[in-house]
Asker: 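Got a structure here, written out as structure tokens. Questions coming.
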There are 2 protein chains.
Amino acid sequence: MSFDDQLPPKTRLLRAAAELLANSDGSPVSTRQITKLAGVTAPTLYHHFGDKEGLFDAVVSAGFEEYVAGERDFAPSGEPLEDVRRMWDNHVKFGLTQPHLYLVMFGNIRPESRPSIVADAEALLEEMLNKAAIAGQINVPPREAARSILAANVGVTLMLIAEPLEDRSIELSTMTRDSMIFAVSTDTARGAATGDSGKSSVVVAAIALNAALQASHSDQLSSSELKLFLEWLHRISSSS
Amino acid sequence: MSFDDQLPPKTRLLRAAAELLANSDGSPVSTRQITKLAGVTAPTLYHHFGDKEGLFDAVVSAGFEEYVAGERDFAPSGEPLEDVRRMWDNHVKFGLTQPHLYLVMFGNIRPESRPSIVADAEALLEEMLNKAAIAGQINVPPREAARSILAANVGVTLMLIAEPLEDRSIELSTMTRDSMIFAVSTDTARGAATGDSGKSSVVVAAIALNAALQASHSDQLSSSELKLFLEWLHRISSSS
DNA sequence: TCACTTCATATAGCGTTGCTATAGGTGCTA
DNA sequence: TAGCACCTATAGCAACGCTATATGAAGTGA
């Protein structure tokens with residue numbers, strides 16, 4: 001019943017919590033279950049993690065590293081937008097294979113614990129979108145695009161998790177994914193030879209330049225000059 | 001301290017629960033708080049609602065009717081896609097003004113309580129998108145479009161709720177909204193005179209016809225004929 | 001008018017939850 | 001050997017959701 005006695009109690013608590021969290025279909029997991037499975041008593045938990053939430057946070061950071069590893073572990077295809085698609089799919093896959101961990105990570109609403117993880121996930125996406133921006137493939141500043149795409153990605157994943165398994169169609173994901181990417185793409189990135197549809201090319205150019213500058217940490221301008229320059233670019237690329 | 005004694009205990013319980021739920025910043029609300037504020041004792045709660053969740057469900061249905069009322073209460077503008085935009089904005093507004101109610105309604109993950117509400121919200125959206133489909137303005141079957149848009153809408157709203165109030169920018173919402181609508185729109189609906197970008201016009205026509213048929217309950221075909229006919233149409237309009 | 005059923009509320013308490021005040025054991029350094 | 005962190009256990013508190021049981025009120029038929 002109990003866990004490997006070789007391991008230190010802290011590790012056993014982490015593993016027990018992760019295991020129970022993974023096998024409890026959404027129902028809450030009690031500290032008593034955890035400590036019993038880990039083979040320790042309550043104060044040990046609170047000594048190491050301070051809190052039930054502290055323990056869960058620790059489990060989550062482990063899970064998050066797994067998530068990040070998944071997001072990073074494919075070689076860039078040279079097609080940034082294609083990589084964004086893969087990040088999206090990977091996000092959904094992570095949510096569906098580890099729904100409970102996902103819910104603790106993204107379904108959690110408390111304005112303290114959530115943002116750090118969301119911000120990290122956003123940063124990953126933004127990094128990739130930055131490459132797309134440099135290539136002149138997107139329509140919107142990378143940060144805004146990342147926030148927007150991530151929001152949709154989380155929404156879709158939550159909806160799929162909440163859906164009974166039998167009629168859980170992955171189409172919802174691919175369609176929403178492509179809609180979001182399509183909407184932030186420039187026409188050239190879409191492969192169509194049609195004219196501009198909305199954004200003028202100067203805006204796209206400003207976005208691309210902005211991204212390129214931030215990526216290369218150019219030394220051609222002083223830092224204060226650069227700051228102002230970037231602000232102007234941002235203003236241009238945010239204008240409708 | 002207590003509630004209006006004129007009202008029956010059931011109503012007082014509902015109001016007390018709603019009030020506490022609205023003013024508890026995400027922290028859980030106990031049955032004891034509720035019964036104390038309502039001026040009744042525990043068994044009364046369980047007599048009327050069976051369950052804590054039963055009481056919350058009752059509160060939610062009241063809140064949901066408010067939500068639906070908001071979604072219906074503007075006159076159709078004649079521009080279905082514009083109405084979809086308004087439904088989106090109304091959804092976000094509802095979530096931000098009643099975050100706790102919203103979280104119980106849409107942030108809840110249990111695969112039993114959630115779908116009914118989500119399905120209702122989906123139906124509202126689908127109804128509107130059906131009009132757009134009849135007008136040949138959308139690219140995708142209305143049901144799929146509704147699911148997709150709603151998922152993004154929920155994701156954005158949750159993300160805005162989770163965000164600290166000071167840097168809660170509504171841009172995220174409008175941008176994601178327009179991205180989703182843009183992606184499901186046909187070119188004519190976009191106002192651009194460019195050529196087809198992806199979908200062939202026969203697909204759009206099939207989608208429009210399908211929507212029109214389902215809306216009018218045409219009697220020109222027998223029900224079994226109609227069923228098969230609709231299936232073919234669906235197959236056409238789902239083809240990439 | 002009186003017994004009888006039905007609905008609604010209260011008293012009191014069960015089992016479980018997250019958490020902790022306190023104390024004891026263990027291994028290290030002096 | 002003494003002292004000092006560090007870690008763990010015993011025991012128990014307050015709050016939680018919920019319920020077995022009892023009491024009151026209101027309507028119904030004889």
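A note on names: the letters A, B, ... follow the listed sequences, proteins ahead of strands, and every chain is numbered from 1. These numbers come from the heavy atoms of this one structure, side chains and all, not from hydrogens, waters or symmetry mates. Bear in mind that the values here come from a model prediction, so they are computed numbers and not experimental data.
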Asker: Between atom CG in A:Leu45 and atom P in D:dT8, what is the gap in whole Å?
Answerer: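 One finds 11 Å between P of D:dT8 and CG of A:Leu45, rounded.
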Asker: Using heavy-atom distances to pick each residue's nearest nucleotide on DNA chain C, tell me which of A:Pro43 and B:His47 is more 5'.
Answerer: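 Its nucleotide being nearer the 5' end, the pick is B:His47.
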Asker: Rounded to whole angstrom units, what separation is found between the CD atom of A:Gln33 and the C1' atom of C:dT16?
Answerer: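 From A:Gln33 CD to C:dT16 C1': 11 Å.
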Asker: Give a yes or no on this: more than 12 heavy atoms of other residues, nucleotides or ligands lie within 6.0 Å of atom CZ of A:Arg143.
Answerer: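 At most 12 heavy atoms, drawn from other residues, nucleotides or ligands, come within 6.0 Å of this atom.
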Asker: Please classify the nucleic acid contact of A:Ser30 as base, sugar-phosphate, or nothing, using heavy-atom distances under 4.0 Å.
Answerer: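 The residue A:Ser30 makes sugar-phosphate contact but no base contact.
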Asker: What's the CG-P distance between A:Leu20 and C:dT17, to the nearest Å?
Answerer: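 So the two atoms are 12 Å apart, to the nearest Å.
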Asker: Starting at CZ of B:Phe49 and ending at C1' of C:dT9, how long is that distance when rounded to a whole Å?
Answerer: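 Going from B:Phe49 (CZ) to C:dT9 (C1'), I get 14 Å.
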Asker: Round to a whole Å and report the spacing from NZ of A:Lys10 to P of D:dT8.
Answerer: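 Checked: the NZ to P distance equals 11 Å.
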Asker: B:Asp51 side chain: which of D:dT8, D:dC18, C:dA10 is closest?
Answerer: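 Minimum distance to the B:Asp51 side chain belongs to D:dC18.
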Asker: State which of C:dT20, C:dT9, D:dT10 makes the closest approach to the side chain of A:Tyr46.
Answerer: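 Selected nucleotide (nearest to the side chain): C:dT20.
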Asker: Could you work out which one of C:dT20, D:dG17, C:dG18 sits closest to the side chain of A:Arg32?
Answerer: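 When the side chain of A:Arg32 is considered, C:dG18 is the closest of C:dT20, D:dG17, C:dG18.
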Asker: Please identify which of these residues, B:Val156, B:Thr157, B:Asn153, meets the side chain to side chain contact (heavy atoms under 4.5 Å, CB included) condition with B:Ser173.
Answerer: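 Testing each of B:Val156, B:Thr157, B:Asn153 against B:Ser173, the sole residue satisfying side chain to side chain contact (heavy atoms under 4.5 Å, CB included) is B:Val156.
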Asker: Does B:Leu172 offer a backbone N or O that forms a donor-acceptor pair with the side chain of B:Thr176 under 3.5 Å?
Answerer: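 At least one qualifying donor-acceptor pair exists.
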Asker: Does B:Leu45 offer a backbone N or O that forms a donor-acceptor pair with the side chain of B:Lys52 under 3.5 Å?
Answerer: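 Between the backbone of B:Leu45 and the side chain of B:Lys52 there is no qualifying donor-acceptor contact (under 3.5 Å).
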Asker: Would you kindly give the CG-to-P distance between B:Leu13 and D:dC18, to the nearest whole Å?
Answerer: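 It works out to 14 Å between those atoms.
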Asker: Can you tell me how far P of D:dA15 sits from CD1 of B:Ile34, to the nearest Å?
Answerer: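 The answer, rounded to whole Å, is 17 Å.
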Asker: For A:His48 and B:Lys52, take the nucleotide of DNA chain D holding the closest heavy atom to each; which residue's nucleotide lies nearer the 5' end?
Answerer: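 Looking at DNA chain D, the more 5' nearest nucleotide goes with A:His48.
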Asker: Angle between ring planes, B:His91 versus B:Tyr102, binned at 30° and 60°: parallel, tilted or perpendicular?
Answerer: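 The rings of B:His91 and B:Tyr102 stand perpendicular, inter-plane angle above 60°.
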Asker: Give a yes/no answer on whether the side chain of A:Thr31 brings an N or O atom under 4.0 Å of OP1 or OP2 in C:dT17.
Answerer: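 For C:dT17, OP1/OP2 do not have a side-chain N/O of A:Thr31 under 4.0 Å.
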